[in-house]
S.K.: 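Before I ask anything, let me first share the structure, which is written out below as structure tokens.
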Amino acid sequence: MDENANKAILIGVAIFITIAITTGVIYTIGKIKEVYKEVYETDTLLSNRFDEFDQYNNAEKSFIDFINTIKKYADNSEVKVFLGDQTNEIISIANLIPGTVITDEIILNSELKYTTTCELKNGIYEIRFYKKN
């Protein structure tokens, strides 16, 4: 009877150890999946963030695009939009104020074409519009 009891205890301990090891492996795999998911989401967010500003790198835009860019980033403290003159000197920081009136000057400038650049400086994206010659 002692032999049967020892075998039963041995089988019980083996089953317990197997369950413990299996649970540990499944738990570890779950944690690894969570880490990979977070890394993937972070990578995707960063990639999307850079892709968002790629459209402003050496692109041709209109004055209407400039106004739309101001509207898009009006409440975003991480993005500044600039309008430069033909000598590429920045003439003003564009701040869109709600209720801004579209003037004749803006309508006249709406047919002009601009080249754009986008740089990340001190954690702030600077989108610059320059008049094309």
Side-chain angles (χ1 to χ4, degrees):
M1 185 98 90
D2 282 333
E3 255 184 66
N4 288 339
N6 286 340
K7 285 183 181 180
I9 290 174
L10 188 61
I11 291 172
V13 168
I15 291 173
F16 178 76
I17 291 173
T18 303
I19 291 173
I21 291 172
T22 305
T23 302
V25 168
I26 291 173
Y27 177 78
T28 303
I29 289 172
K31 287 296 182 183
I32 290 172
K33 282 183 178 181
E34 286 179 28
V35 169
Y36 277 119
K37 181 181 176 184
E38 288 179 23
V39 168
Y40 176 76
E41 288 173 357
T42 302
D43 185 45
T44 302
L45 288 174
L46 288 174
S47 176
N48 289 343
R49 179 99 172 150
F50 288 121
D51 290 346
E52 175 182 355
F53 296 106
D54 279 347
Q55 66 176 318
Y56 297 105
N57 280 329
N58 299 320
E60 183 175 300
K61 301 285 184 178
S62 68
F63 193 77
I64 299 299
D65 293 327
F66 174 69
I67 295 295
N68 288 337
T69 302
I70 294 170
K71 288 179 183 177
K72 182 175 181 179
Y73 298 112
D75 296 327
N76 191 335
S77 62
E78 296 178 352
V79 180
K80 291 184 179 179
V81 182
F82 297 89
L83 178 61
D85 62 10
Q86 290 180 337
T87 61
N88 293 343
E89 179 184 347
I90 302 304
I91 57 175
S92 66
I93 296 176
N95 293 318
L96 183 68
I97 301 168
T100 300
V101 177
I102 302 296
T103 63
D104 290 340
E105 180 184 355
I106 290 176
I107 293 170
L108 290 174
N109 285 333
S110 67
E111 295 184 16
L112 295 175
K113 295 295 179 189
Y114 297 85
T115 56
T116 59
T117 63
C118 182
E119 295 181 31
L120 180 61
K121 292 183 180 178
N122 299 324
I124 296 175
Y125 287 94
E126 292 185 359
I127 301 172
R128 299 177 182 267
F129 285 72
Y130 299 104
K131 286 183 186 177
K132 285 188 77 171
N133 293 331

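Sequential numbering from 1 along the given sequence is applied to the chain's residues. Atom set for the values below is all heavy atoms of this structure, side chains included, hydrogens, waters and symmetry mates excluded.
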S.K.: Check the hydrophobic clustering (I, L, V, M, F, W, Y; side-chain heavy atoms under 4.5 Å; chains of links allowed) and say if Ile124 and Phe129 are grouped together.
M.R.: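 They do not share one cluster, since no chain of ILVMFWY contacts under 4.5 Å joins Ile124 to Phe129.
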
S.K.: From the options Thr117, Thr115, Thr116, select the one residue that forms a side chain to side chain contact (heavy atoms under 4.5 Å, CB included) with Asn58.
M.R.: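 With Asn58 as partner, Thr117, Thr115, Thr116 yield a single side chain to side chain contact (heavy atoms under 4.5 Å, CB included), made by Thr117.
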
S.K.: Could you work out, with ring pair (Phe, Tyr, Trp, His ring centres under 6.0 Å) as the rule, every residue matching Tyr73, not counting sequence neighbours?
M.R.: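 Tyr73 satisfies ring pair (Phe, Tyr, Trp, His ring centres under 6.0 Å) with Phe53 only.
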
S.K.: Tell me whether Lys61 forms a cation-pi arrangement with Tyr56, defined as NZ or CZ under 6.0 Å from the six-membered ring centre and within 45 degrees of its axis.
M.R.: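 Positive - Lys61 is close enough to the ring of Tyr56 and near enough to its axis.
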
S.K.: With sequence neighbours left out, what residues match Lys121 under salt bridge (charged side-chain N to carboxylate O under 4.0 Å, His left out)?
M.R.: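 Once residues adjacent in sequence are excluded, the partners of Lys121 under the salt bridge (charged side-chain N to carboxylate O under 4.0 Å, His left out) criterion are Glu119, Glu126.
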
S.K.: I need the single residue from Ile17, Thr18, Ile19 that forms a side chain to side chain contact (heavy atoms under 4.5 Å, CB included) with Ile21. Which is it?
M.R.: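 Of Ile17, Thr18, Ile19, side chain to side chain contact (heavy atoms under 4.5 Å, CB included) with Ile21 is met by Ile17 alone.
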
S.K.: Asp65 side chain to Ser62 main-chain N or O, any donor-acceptor pair under 3.5 Å?
M.R.: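 Looks like yes, one N/O pair under 3.5 Å.
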
S.K.: Just verifying a value: how many Å separate Asn57 CG and Ile127 CD1, rounded to the nearest 0.5 Å?
M.R.: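 So the gap between those two atoms works out to 9.5 Å.
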
S.K.: I need the Leu10 CG to Asn6 CG distance, nearest 0.5 Å.
M.R.: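 Result: 8.5 Å between the selected atoms.
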
S.K.: Could you list the donor-acceptor pairs under 3.5 angstrom formed by side chains in residues 27-34, with sequence neighbours left out?
M.R.:
{"unit_1": "Thr28", "atom_1": "OG1", "unit_2": "Gly24", "atom_2": "O", "d": "2.8"}

